[in-house]
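Below: one structure, written as structure tokens.
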Amino acid sequence: MEYNQITSSVPISLLNISSLQILSLSMNNLSGYLPREIDNSTKMQHLWISGNKLIGEIPKEISNLVELELLNLGYNSFRGRLNMEIFNIPGVRMMYLSSNNLSGSLPPPNMCSILPNIEDFYLSFTNLVGTIPHSISNCSKLTRLELSNNQLTGLIPNSLAYLTYLKLLNLEGNNLISDSSLSFLTSLTNCRNLTNLSLSLNPLNGILPSLCVANLLNIDYSSKWGHVAGNVY
């Protein structure tokens, strides 16, 4: 039911279908709150409601959808602190929460033990603060990490190098820093599948190390306030 210009709220009656496995309502004009009765759909595997006008908090009851694999709530108007309970869904492989009026910090250091199967993790434009934890490297299946345009601070961790399946890393538009040798870039040479890396609009200062990032097709080292010099080989 995507792209249908549906203008109602999310009907509770729809969520009461206990056998429902896939619900796709993206790119409509849905408004109001996402009902807490969402957990009535106990067999739900794919939940796509991006690109609507939903408001309020993301209901913590989503964590009761134990069979959920794909969650896309991006490009809505959800508000409030990012509820850590929604990350307590072990089977989730793809989570898209970008472009909402959220607040708070990244999920706790044990996130990767709670989400051992996470592959795509999108939290751009969500007003996040805090640092990127070294423990992010424990999300060993991660292929796309999108944290751009938040208020993240601190060092870009070298431990990202352990994400060997990583294809996309977008950290632009934050306040992230590195040491003068930009050592995290050298560590990223271990990410042989990395094809998209964006670091624009961060206060990076340093000299690009002599590196060859295998298969790196799109790379953006631009920095905000800082100065990056050197060559990419």
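Within the 4.5 Å cutoff, no side-chain heavy atoms of Tyr33 are placed close to those of Phe78.
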Open item on the list: Pair Asn202, Ile177 - check side-chain contact (heavy atoms from CB on, under 4.5 Å), show working.
Closed with: CA-CA 7 Å; Asn202 280 287; Ile177 60 174; over 6 Å; no
Task: Intermediate values then yes/no, side-chain contact (heavy atoms from CB on, under 4.5 Å), Leu106 and Leu147 - done: CA-CA 9 Å; Leu106 283 172; Leu147 299 175; 3.8 Å; yes
TODO: Under the side-chain contact (heavy atoms from CB on, under 4.5 Å) rule, what do Leu23 and Trp48 come out as? Steps first, then yes or no, please.
DONE: CA-CA 6 Å; Leu23 179 59; Trp48 297 86; over 6 Å; no
Open item on the list: As a quick check of understanding, evaluate side-chain contact (heavy atoms from CB on, under 4.5 Å) for Leu171 and Leu197, giving each step before the final call.
Closed with: CA-CA 8 Å; Leu171 302 177; Leu197 171 63; 5.9 Å; no
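Asn174 and Gln151 get closest at one heavy-atom pair: OD1-N, 3.4 Å. The two residues Met84 and Pro108 have their closest heavy-atom pair at SD-CD, 3.4 Å. Residues Gln45 and Leu68 share a closest heavy-atom pair of O-CD1, 3.4 Å. Between Ser135 and Cys112, the shortest heavy-atom distance links the atoms O-SG, 3.6 Å. Asp179 approaches Leu155 most closely through the heavy-atom pair N-CD2, 4.1 Å. Contact detail for Pro59 and Ile86: the closest heavy-atom pair is O-CG2, 3.9 Å.
Side-chain atoms of Glu146 and Ser148 form a donor-acceptor pair, as typed in the model, at a separation below 3.5 Å. A donor and an acceptor atom, one from each side chain of Thr126 and Asn150, are located under 3.5 Å apart. No hydrogens or angles considered: a donor-acceptor pair under 3.5 Å links the side chains of Thr143 and Asp120. Inspection of the Ser18 and Thr42 side chains reveals no N or O donor paired with an N or O acceptor under 3.5 Å. Counting only N and O atoms by type, the side chains of Asn16 and Asn40 include a donor and acceptor under 3.5 Å apart. Lys141 and Asn117 share a side-chain donor-acceptor pair at under 3.5 Å.
Within the structure, every pair that satisfies the salt bridge (charged side-chain N to carboxylate O under 4.0 Å, His left out) test and touches residues 56-74, not counting sequence neighbours, is listed here: Arg36-Glu61, Lys43-Glu67, Glu69-Arg93.
Side chain of Ser159 to backbone of Ser137: no donor-acceptor contact under 3.5 angstrom is found. With Asn76 contributing its side chain and Ile49 its backbone, the two residues share a donor-acceptor pair below 3.5 Å. Not a single donor-acceptor pair under 3.5 Å links the side chain of Asp39 to the backbone N or O of Ile62. Asn175 contributes no side-chain N or O that, together with a main-chain N or O of Leu152, makes up a donor-acceptor pair within less than 3.5 Å. The main-chain N or O of Ile136 is never found under 3.5 Å from a side-chain atom of Asn138 such that the two would form a donor-acceptor pair. Remark: side-chain polar atoms of Asn190 are not paired, donor with acceptor, to backbone N or O of Ser187 under 3.5 angstrom. Of the possible donor and acceptor atoms, none in the side chain of Asn88 sits under 3.5 Å from a partner among the backbone N and O of Pro90.
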Using atom types as modelled, flag every donor-acceptor pair under 3.5 Å from a side chain in residues 162-169 to any protein atom, sequence neighbours excluded.
none

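Cluster membership for Leu30 and Leu14, using ILVMFWY side-chain heavy atoms within less than 4.5 angstrom, is shared.
Heavy atoms from other residues, nucleotides or ligands lying under 6.0 Å from OH of Tyr75 number 12 at most.
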